[in-house]
Amino acid sequence: MNYYATTFLRTLAVRRKVQTLSMSSAVHENVKNYYGSRLETSDDLQTNAACSMPSRPLPKSACEALKQVHPNVCKRYFGCGLVIPEKLEGCAVLDLGSGSGRDCYVFSKLVGERGQVIGLDMTDEMIVASQKYVQYHQEKFGYSKPNTVFVKGYMEKLSDAGIQNNSLDVVVYRTVISEAYKVLKEGGELYYSDMYASKAVPDFFKEDPVLWGEGMAGALYWRDLITLMKDIGFSTPHLVAGSHIVVHNPELQRKTGDVKYASGTYRIFKLPQNSIKTKALVTYKGTVPDCAECFEFDASHYFKTNVPVEVGAEMAAILQNTRFSTDFNISMLETTDPNQSSTPQYCHLSPFLLADKLGSSVKQCSKTGH
């Protein structure tokens, strides 16, 4: 099993905030019904979040794995696009809000027979539906035994679902970030995709079960994500991809008013408390799978093979203390990073600005809603 944990919180937009502790029981039940009974396929969704066209392409290995997932599993996928971190071979993956199990089965292929995948969801219907295809994918991938299981539970109470602290390499979801921090090993990564709002979402949005179900009522203002992560103890989020989300239901457009939405993928790390905070000269070796010529770490860091690059203190600490440490030659510099003591503006971390820059918009679904 990979020594470094990768907490891969992939809050799938239409099933993300449904499990927050602040949700009233009535809304909680409405949302469970929305996903478990009302939604039959992704065509039933009323935003285009599930039709995501990511602003950066999937690795070849992930594309090949996705092609092998059973069509019935893909049909009931309600997420905001597949996002995959690198180097998953042998990892133990927990997918929080696993839904139909589509991404779990992609991970099943990528972690290999030595890896393990656990899908956790709050709805009986989703657990039953996803469990049907465990044996199918075991045989499809040529494994001697299954490496994927699905359990019912709530992501704010992982221990109640039998998930132990410090036991996982990869956790997939968002919302209950403090829980992810607990189960994450030092040096681990939170690879996190979600729907974000352009401003703080009004409280009255939370009273609408459809806005909840579509992920719009619970969408986090993107700047609040940075504050939240830093307060918990994570590194600064690194923006990987961003796309505008189009609300194609006229009634939902009216309800949401001037609040805009975008999907964003961030990678965030749990660094050792005593990690060295100085700049470094780093040289990528070309050893990350699917990244022989270059490694696009995020939207701001692009490492070409055998080309030395100077990086800031936090990036240096990330490359030195995570599973990517063996993929770089790292020479720490004597000077401290002046950016460590300054007040950052974080504009480069906005998924809206990145989507504008790339001309990237989530492909609009033809479905106009109910």
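Since this is a predicted model, take the numbers as computed values, not measurements.
- By the salt bridge (Lys or Arg N to Asp or Glu O under 4.0 Å) test, Asp290 is found to be paired with no residue, residues two or more places apart in sequence or in another chain being considered.
- The cluster map of Ile, Leu, Val, Met, Phe, Trp and Tyr, joined by side-chain heavy atoms under 4.5 Å apart, puts Val307 and Val282 in different clusters.
- Residues Gln116 and Val111 form no side-chain contact, since every pair of their non-hydrogen atoms from C-beta on lies 4.5 Å or further apart.
- Proximity of Met195 to Ser263: side-chain heavy atoms (C-beta onward) are nowhere separated by under 4.5 Å.
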Hey, can you pull the donor-acceptor pairs under 3.5 Å for the side chains in residues 198-205, sequence neighbours left out?
from   : atom 1 : to     : atom 2 : distance (Å)
Ser198 : OG     : Lys260 : N      : 3.0
Lys199 : NZ     : Asp258 : OD2    : 3.2

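- Partners of Tyr143 according to the ring-ring contact (aromatic ring centres under 6.0 Å, His included) rule, which considers only residues two or more places apart in sequence or in another chain, are Phe141.
- Side-chain atoms of Glu310 do not come within 3.5 Å of backbone N or O of Ala280 as any donor-acceptor pair.
- One hydrophobic cluster, built from ILVMFWY side chains closer than 4.5 Å, holds both Val183 and Val149.
- Here CG of Asp121 is found 9.0 Å from SG of Cys104. Values are rounded to the nearest 0.5 Å.
- Between the side chain of Arg267 and the backbone N or O of Pro237, no donor-acceptor pair lies under 3.5 Å.
- Note that CZ of Phe328 is 5.0 Å distant from CG of Leu319, once rounded to the nearest 0.5 Å.
- Note that NZ of Lys279 is 12.0 Å distant from CE of Met332, once rounded to the nearest 0.5 Å.
- Not counting sequence neighbours, the partners of His301 by the ring-ring contact (aromatic ring centres under 6.0 Å, His included) test are His238.
- Side chain of Asn321 to main chain of Ala317: a donor-acceptor pair is present (N/O by atom type, distance under 3.5 Å, no hydrogens or angles).
- Within the structure, salt bridge (Lys or Arg N to Asp or Glu O under 4.0 Å) contacts touching residues 60-73 (residues at least two apart or in different chains) are Glu64-Lys67.
- When each of Leu88, Ile84, Thr265 is tested with Tyr191 by the rule side-chain contact (heavy atoms from CB on, under 4.5 Å), just one qualifies, namely Thr265.
- Within the 4.5 Å cutoff, side-chain heavy atoms of Phe297 are placed close to those of Ile318.
- The hydrophobic clustering, which links ILVMFWY residues whose side-chain heavy atoms are closer than 4.5 Å, places Tyr136 and Val128 apart.
- Distance alone, capped at 3.5 Å, is enough to place a donor-acceptor pair between the Trp212 side chain and the Lys206 backbone.
- Under the 6.0 Å cut-off for aromatic ring centres, Phe234 and Tyr181 qualify, their centroids lying closer than that.
- For Val288, the side-chain contact (heavy atoms from CB on, under 4.5 Å) partners are Glu86, Lys87, Tyr284, Cys291, Phe295, Phe324, Asp327, not counting sequence neighbours.
- Relative orientation of the Phe352 and His244 rings is tilted, given thresholds of 30° and 60° on the angle between their planes.
- Here CD of Gln320 is found 8.0 Å from OG1 of Thr278. Values are rounded to the nearest 0.5 Å.
- The cluster map of Ile, Leu, Val, Met, Phe, Trp and Tyr, joined by side-chain heavy atoms under 4.5 Å apart, puts Leu58 and Val73 in the same cluster.
- Of the possible donor and acceptor atoms, one in the side chain of Asn147 sits under 3.5 Å from a partner among the backbone N and O of Ser108.
- Remark: Tyr133 engages His70 in a ring-ring contact (aromatic ring centres under 6.0 Å, His included) (not counting sequence neighbours).
- With sequence neighbours excluded, the residues satisfying salt bridge (Lys or Arg N to Asp or Glu O under 4.0 Å) with Lys255 are Asp208.
- In this view, Thr227 and Asp231 satisfy the side-chain contact (heavy atoms from CB on, under 4.5 Å) rule, not counting sequence neighbours.
- Annotation: salt bridge (Lys or Arg N to Asp or Glu O under 4.0 Å) contacts involving residues 127-142, sequence neighbours excluded, are absent.
- Separation of atoms SG (Cys91) and CG (Leu110) is listed at 10.0 Å; rounding is to 0.5 Å.
- Partners of Asp124 under the side-chain contact (heavy atoms from CB on, under 4.5 Å) rule, at least two apart in sequence or in another chain, are Lys152.
- Each of Val117, Asp95, Val93 was checked for a side-chain contact (heavy atoms from CB on, under 4.5 Å) with Thr148, and the lone residue meeting it is Val117.
- Side chains of Glu89 and Arg114 form a contact here, defined as non-hydrogen atoms less than 4.5 Å apart.
- Neither side chain, Ser300 nor Asp298, offers a donor N or O lying under 3.5 Å from an acceptor on the other.
- Using a 4.5 Å heavy-atom cutoff, the side chains of Leu96 and Leu158 are in contact.
- The closest side-chain heavy-atom distance from Tyr302 to Cys294 is below 4.5 Å.
- Ion pairing between a basic and an acidic side chain is recognised when a charged N comes within 4.0 Å of a carboxylate O; Lys304 and Glu293 show no such pairing.
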Does the side-chain contact (heavy atoms from CB on, under 4.5 Å) test come out yes or no for Phe150 and Met126, once each step is laid out? CA-CA 9 Å; Phe150 295 92; Met126 288 298 184; over 6 Å; no

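- Atoms CD1 and CG, from Ile330 and Leu281 in turn, are 10.5 Å apart once rounded to the nearest 0.5 Å.
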Using the side-chain hydrogen bond (donor to acceptor under 3.5 Å, both in side chains) rule, take Ser100 and Ser130 through it: C-alpha gap first, then chi angles, then the decisive distance, then the call. CA-CA 5 Å; Ser100 71; Ser130 56; over 6 Å; no

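- In the hydrophobic cluster analysis, where Ile, Leu, Val, Met, Phe, Trp and Tyr join through side-chain heavy atoms closer than 4.5 angstrom, Ile232 is grouped together with Tyr196.
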Please evaluate residues Gln131 and Ile127 with respect to the criterion side-chain contact (heavy atoms from CB on, under 4.5 Å), reporting the C-alpha separation (whole Å), side-chain torsions for both, the decisive distance (0.1 Å), and the verdict. CA-CA 6 Å; Gln131 283 176 335; Ile127 294 296; 3.7 Å; yes

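- At least one donor-acceptor pair closer than 3.5 Å links the side chain of Ser350 to the backbone N or O of Leu353.
- Outside the 6.0 Å centre-distance limit, the rings of Tyr261 and Tyr221 are not counted as a close aromatic pair.
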Please evaluate residues Ile177 and Leu228 with respect to the criterion side-chain contact (heavy atoms from CB on, under 4.5 Å), reporting the C-alpha separation (whole Å), side-chain torsions for both, the decisive distance (0.1 Å), and the verdict. CA-CA 9 Å; Ile177 299 172; Leu228 178 60; 3.5 Å; yes

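- Taking all atoms of both residues into account, the shortest heavy-atom contact from Val134 to Pro146 is CG1-CB, 3.7 Å.
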Run the numbers on Ile163 and Ile118 for side-chain contact (heavy atoms from CB on, under 4.5 Å), then give the verdict. CA-CA 9 Å; Ile163 310 300; Ile118 304 172; 4.2 Å; yes

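- Inter-residue side-chain proximity for Lys185 and Lys270 is flagged as unmet; no heavy-atom pair is nearer than 4.5 Å.
- The closest side-chain heavy-atom distance from Leu252 to Leu211 is below 4.5 Å.
- At least one donor-acceptor pair under 3.5 Å links the side chain of Ser235 to the backbone N or O of Phe269.
- In this structure Thr236 satisfies the side-chain contact (heavy atoms from CB on, under 4.5 Å) test together with Lys230, Glu314, Tyr346, Leu349, sequence neighbours excluded.
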